[in-house]
Amino acid sequence: MIRHPAPTANPLIARCRPRTVVLVLASLLLPTLACRKPAPAPSEPQRIENPTLGFALADIATGCRPGTNEGATLQLLCDLDGVPGTMTFEVGEEERGVNLLQKAKLRKD
C-alpha cells in the first residue's frame with residue numbers, strides 16, 4: 001500500500017520541497033537585512049600638538065577636549081563618567097628631588 005501525504009488546503013504548498021521553502025524564505029529575508037542603515041564611521045582620533053613642550057597627544061579619550069594650548073602649557077578638560085577634571089602639562093625649570101609635601105602645601109595656599 002502506498003501512503004500519500006495528507007492533503008493541504010493549498011496544493012502549491014503540498015508540492016513544495018523543503019529546499020524550495022528555505023530558498024523562498026531566504027529570498028524574502030535577505031533584502032530586508034541588506035537594507036539596514038550602515039554603522040556610523042568611527043570619528044578620526046583627536047590629536048593635539050604642542051611644539052614648546054615637544055610632544056603630541058593622539059587618540060584622546062572621548063570625554064576630554066582641549067583647554068589651553070599656549071606656550072609651555074597644555075591643558076585638557078575632561079568629563080569622564082560624570083566626573084569633571086583637568087589635566088595640565090607644563091614645562092618649567094628642571095627640579096631635582098621633588099618634595100611632594102612642600103608642593104602640596106604650596107598648592108593649598
Side-chain angles (χ1 to χ4, degrees):
M1 177 192 267
I2 299 175
R3 292 188 180 203
H4 294 281
T8 62
N10 190 337
L12 179 62
I13 293 176
R15 289 184 283 160
C16 288
R17 295 181 184 163
R19 186 185 316 170
T20 305
V21 173
V22 170
L23 289 174
V24 169
L25 289 176
S27 66
L28 293 174
L29 293 176
L30 286 177
T32 58
L33 294 175
C35 292
R36 288 185 179 176
K37 292 181 182 177
S43 61
E44 287 291 318
Q46 192 175 10
R47 180 180 172 88
I48 300 174
E49 296 182 18
N50 187 309
T52 305
L53 293 173
F55 70 89
L57 298 174
D59 199 15
I60 297 170
T62 306
C64 294
R65 64 184 191 286
T68 305
N69 188 9
E70 297 174 358
T73 302
L74 172 60
Q75 188 178 61
L76 295 176
L77 306 173
C78 299
D79 187 9
L80 302 172
D81 296 328
V83 179
T86 304
M87 281 190 273
T88 305
F89 303 90
E90 292 180 310
V91 172
E93 293 185 29
E94 183 178 347
E95 296 182 25
R96 294 181 102 74
V98 177
N99 184 343
L100 294 177
L101 292 175
Q102 182 184 13
K103 290 289 184 183
K105 287 178 185 175
L106 290 174
R107 195 86 159 149
K108 279 185 175 180
D109 298 334

OG1 (Thr86) and CG (Asp79) are apart, to the nearest 0.5 Å, by 10.5 Å
Approximate separation, where rounding is to 0.5 Å, of Arg65 CZ and Ile60 CD1
12.0 Å
Hydrophobic clustering (ILVMFWY, side-chain heavy atoms < 4.5 Å, transitive) - are Met87 and Leu77 grouped together?
no
List the atom of Glu90, the atom of Leu53, and the distance in Å for their closest heavy-atom pair.
C-CD2, 4.0 Å
Residues Pro66 and Leu76: closest non-hydrogen pair is CA-CD2, 4.0 Å
Would you say the side-chain atoms of Asn50 pair up with the backbone N or O of Ala72, donor to acceptor, closer than 3.5 Å?
no
Nearest 0.5 angstrom please: Glu49 CD to Phe55 CZ, how far?
11.0 Å
